[in-house]
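Accompanying notes for the structure given below.
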Amino acid sequence: MGDVLKKVPVREQDPQVRATNFEEVCLGYNQQEAMEEAERCLNCKKAKCIGGCPVSINIPAFIHEVKEGNFEQAYKIISESSALPAVCGRVCPQETQCEGQCVRGIKGEAVSIGKLERFVADWARENGIKPVPASEKNGHKIAVIGSGPAGLTCAGDLARMGYDVTIFEALHKAGGVLVYGIPEFRLPKDRVVAAEVENVKSLGVKIETNVIIGKSVTIDELLKEEGFEAVFIGSGAGLPMFMGIPGEQANGVFSANEYLTRNNLMKAFREDYDTPISHGKKVVVVGGGNVAMDAARTALRLGAEVHIVYRRSEAELPARREEVHHAKEEGVIFDLLTNPVEILADENSWVRGIRCIRMELGEPDASGRRRPVEIPGSEFEIEADTVIMSLGTSPNPLISSTTYGLDVNKRKCIVADEEFGRTSKEGVYAGGDAVTGAATVILAMGAGKAGARGIDEYIRSKNA
Amino acid sequence: MYKILNAEQLAANIYLMDVEAPRVAKHCLPGQFVIVKVDEYSERIPLTICDYDTQKGTITIVFQPIGASTKKMVSLKAGDSFEDFVGPLGRPSELTEMDPEELKKKRIVFVGGGVGTAPVYPQLKWLHEHGVTADAIIGARNKDLIILEDKMKAVSNLYLTTDDGSYIRKGMGTDVLKDLVQNQGKQYDICIAIGPMIMMKFVCLLTKELGIPTIVSMNPIMVDGTGMCGACRLMVGGKVKFACVDGPEFDGHKVDFDLAMKRQQMYKTEEGRALLKAQEGDTHHGGCGNCGGDK
């Protein structure tokens with residue numbers, strides 16, 4: 001037994017090796033490591049970690065089962081609350097959620113809850129354990145729009161309650177941001193995402209791909225013509241933002257969405273796929289969130305020297321600590337307190353560099369973070385042949401603009417309450433990034449659960 | 001899976017397919033497009049809709065093989081299927097939103113070029129069904145590249161022209177338009193140009209001179225077709241627009257064609273450029289030096 005104040009270390013691919021491949025970075029715990037880490041859990045009576053989890057997994061209970069070596073039982077406990085444990089164990093910001101609340105964290109390191117969740121989910125998959133479908137169907141048809149974390153969770157919960165659920169997905173593959181956004185090296189697509197989607201399907205959920213709600217069919221048609229009694233909108237926040245600076249239309253400037261979609265969903269990194277991607281030699285990624293880290297580490301793996309340009313300092317980077325740490329280990333260069341002012345193009349309109357200005361931190365702004373202020377006369381150029389804009393995304397207005405009576409706020413986010421996901425339109429519920437703007441996988445899953453509760457209550461009261 | 005009911009070759013390098021896609025057929029209108037994907041390994045290819053049959057639930061697409069994925073499409077036969085087929089994407093033509101009585105008063109001319117002839121057809125057909133017979137100027141490099149002649153003739157006043165004079169007349173679409181307006185007393189309230197970007201650019205230069213408001217249908221690179229990737233962004237009237245959700249039709253007099261043509265080159269390989277030159281060589285003789293088609 002090692003130091004009880006510290007987490008059992010998790011094995012990772014060597015940074016220099018992994019910087020050249022798309023295999024998963026973190027290798028996860030084996031049985032022995034998991035059981036050893038589980039020993040560290042104090043099994044608190046008032047377990048604060050549960051309150052820190054947006055889907056309220058009974059964390060001490062599942063960890064107790066891991067400690068005893070009852071992995072199947074541990075999986076059952078997690079499955080009661082989460083449809084996507086193998087995903088969450090990998091991409092949740094545990095340090096600010098469950099692990100952030102862990103009593104162990106006061107004096108030492110929190111229990112590695114995320115890695116334990118991942119271990120249990122991976123063990124269940126490798127041993128063919130599936131979630132248990134509802135014993136009885138109630139015959140009520142529910143439509144779920146979007147097959148990302150919110151939609152999959154909502155659909156899974158409703159199916160377990162006995163509903164007849166169909167998910168409509170705009171892209172050609174189910175998974176939403178788990179498939180197009182998060183890279184293979186963080187979240188393996190076939191092994192993990194596809195398997196979790198299959199688990200949701202095994203609960204009886206149908207998935208129809210290539211259906212764009214608002215174009216291929218509208219919500220009103222689903223309700224009036226196709227026999228759906230309620231709809232959950234989990235369509236995410238897919239529209240990329242650009243800076244609006246000169247030169248942004250030059251060839252070689254991409255949204256992180258495009259760059260990542262080409263590589264993750266369309267598998268441009270693999271020789272056997274037709275998808276083209278820009279193989280830059282020197283890539284600048286603008287932004288400091290998880291998506292920026294994903295884009296940077298993808299470009300690195302495609303063979304580029306990569307710079308992250310971010311206007312605040314390291315402390316304000318919105319990305320998970322682990323992502324920043326991994327990016328640095330792999331050799332991504334951080335140009336902090338730096339803001340682009342212009343993208344420079346050559347005579348053929350291809351990017352040749354980016355002109356930036358140095359920033360310093362001033363007074364805190366509305367977000368509570370210190371506002372970055374330009375330092376006059378500090379402009380300089382960074383040579384680059386590719387610029388990836390990773391400034392955040394906003395919800396797609398396709399659905400709200402084609403659904404009669406559905407209110408949105410001024411940021412085009414659908415207005416829905418937190419407890420049940422109720423919108424301004426009867427029978428229509430919403431949650432995830434479509435409501436909050438870009439956030440995390442687990443928050444979207446929490447909203448999917450709320451939506452499922454709301455829809456269940458609505459159907460029950462309508463048929464009472 | 002989306003079954004191909006009919007597959008035929010229209011011209012040397014132009015193919016037509018009728019594909020079963022009931023959801024798309026039920027909702028599509030002229031001006032919209034679809035994205036198709038042959039198999040797991042293929043790209044998502046945006047294609048304009050050439051015709052649709054709401055009853056049968058089919059969409060007709062016309063395409064020209066250029067990249068690896070479109071070449072794969074050539075080998076598909078009736079009875080085969082596309083793995084993915086999604087739409088209708090983009091906004092319908094503004095004409096479909098006009099008051100029908102107002103529309104009947106409009107004098108409309110279409111200019112189509114090359115494979116761009118295909119998306120002109122559903123617009124002409126729709127107008128014809130709504131009591132409007134528009135003029136349609138269709139240009140091709142030579143006689144063998146003329147497509148859909150009989151279908152077009154049935155729903156429009158058709159003016160065909162060939163670059164080399166091998167059929168009907170010699171000259172570009174712009175020459176015909178100029179002739180109709182300047183020598184034959186034709187007047188138009190609106191022009192709709194669909195074809196290679198360089199063609200649309202030159203139609204717009206001419207119609208600006210002639211004072212005819214012009215709509216063009218842009219076909220830039222795109223991935224998802226729903227506003228997600230931003231690859232299809234264009235400058236229109238000094239503002240950034242996404243062709244997939246804001247278009248594909250725009251006011252041609254406001255589109256920055258030179259920029260759009262440069263962006264079109266983004267993923268072109270040497271091989272692709274060579275092929276384009278071989279196929280569209282003569283349509284790249286605009287002399288602007290910006291399209292990169294001969295580089």
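Each chain gets a letter, A, B and so on, in the order its sequence line appears, and its residues count up from 1.
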Revision key, fill the gap. From the list A/Leu260, A/Leu398, A/Val253, the residue making the most non-hydrogen contacts under 4.5 Å with chain B is A/Val253
Point to revise | Heavy-atom contact with chain A under 4.5 Å, split by part of B/Leu29 | key: neither
Review point. Within a reach of under 6.0 Å around CD of B/Gln9, are more than 12 heavy atoms found that belong to other residues, nucleotides or ligands?
Key: yes
Check your understanding: Contact part of A/Tyr180 toward chain B, heavy-atom cut-off under 4.5 Å: side chain, backbone, both or neither?
Key -> side chain
Practice item. Can you tell which part of A/Ala237 gets under 4.5 Å to a heavy atom of chain B, answering side chain, backbone, both or neither? Key: neither
Study note, to complete from the structure: B/Asp51 meets the salt bridge (Lys or Arg N to Asp or Glu O under 4.0 Å) criterion, sequence neighbours left out, with B/Lys125, B/Lys151
Practice item. Find the one option among A/Pro240, A/Ser255, A/Gly236, A/Ala170 whose heavy-atom pairs under 4.5 Å with chain B are most numerous. Key: A/Pro240
Check your understanding: Which heavy-atom pair separates A/Met266 from B/Ser42 by the least distance, and what is that distance?
Key -> CE-O, 3.6 Å
Revision key, fill the gap. Residues A/Phe254 and B/Arg233: closest non-hydrogen pair is N-NH2, 4.5 Å
Check your understanding: If we only count heavy atoms from C-beta on, is the A/Trp350 to B/Gln265 side-chain gap below 4.5 Å?
Key -> no
Review point. So do the side chains of B/Arg44 and A/His172 get within less than 4.5 Å of each other, counting heavy atoms only?
Key: yes
**Study point:** Between B/Asp256, B/Val245, B/Val223, B/Asp224, the one whose heavy-atom pairs under 4.5 Å with chain A are most numerous
**Key:** B/Val223
Point to revise | Salt-bridge present (B/Asp84, A/Lys173; N to O < 4.0 Å) | key: no
Revision key, fill the gap. Applying a strict 4.5 Å limit to non-hydrogen atoms, the region of B/Phe85 in contact with chain A is backbone
Review point. Of the listed residues (A/Arg270, A/Met389, A/Lys267, A/Arg262), which shares the most heavy-atom pairs with chain B below a 4.5 Å separation?
Key: A/Arg262
**Study point:** Heavy-atom neighbours of A/Lys282 NZ exceed 12 at 6.0 Å
**Key:** yes
Review point. Is the number of heavy atoms from other residues, nucleotides or ligands within 6.0 Å of CZ (B/Arg91) greater than 12?
Key: no
Practice item. For atom NZ of A/Lys141, decide whether the heavy atoms of other residues, nucleotides or ligands shown that lie under 6.0 angstrom number more than 12. Key: yes
Review point. For the residue pair B/Gly227 and A/Leu239, what are the closest heavy atoms and their distance?
Key: O-CD2, 3.0 Å
Point to revise | Contacts of residues 218-225 of chain A with chain B (heavy atom under 4.5 Å) | key: A/Glu221, A/Glu225
Review point. Under a 4.0 Å N-O cut-off, is there an ion pair linking B/Arg263 with A/Glu248?
Key: no
Exercise for review: Identify which of A/Ile277, A/Val217, A/Asp272 forms the greatest number of heavy-atom pairs closer than 4.5 Å to chain B.
Suggested key: A/Asp272
Check your understanding: Between A/Thr261 and B/Met228, does a side chain to side chain contact (heavy atoms under 4.5 Å, CB included) hold up when you go through it step by step?
Key -> CA-CA 9 Å; A/Thr261 300; B/Met228 217 179 86; 3.6 Å; yes
**Study point:** Test item: B/Tyr41 and A/Thr275 side chains (from C-beta on) under 4.5 Å apart, heavy atoms
**Key:** no
Check your understanding: Going from NZ on B/Lys71 to CG on A/Asp274, what distance comes out if it is rounded to the nearest 0.5 angstrom?
Key -> 10.0 Å
Check your understanding: Do other residues, nucleotides or ligands put more than 12 heavy atoms under 6.0 Å from the NZ atom of B/Lys254?
Key -> no
Check your understanding: For the atom pair OG1 (B/Thr226) and CG (A/Leu171), what is the distance rounded to the nearest 0.5 Å?
Key -> 6.5 Å
Check your understanding: Closest heavy-atom contact between A/Asn251 and B/Lys262?
Key -> ND2-O, 2.7 Å
Exercise for review: Measure A/Glu208 against the heavy atoms of chain B and call it side chain, backbone, both or neither at under 4.5 Å.
Suggested key: side chain
Review point. So, B/Glu40 versus A/Tyr273: side-chain donor-acceptor pair below 3.5 Å or not?
Key: yes
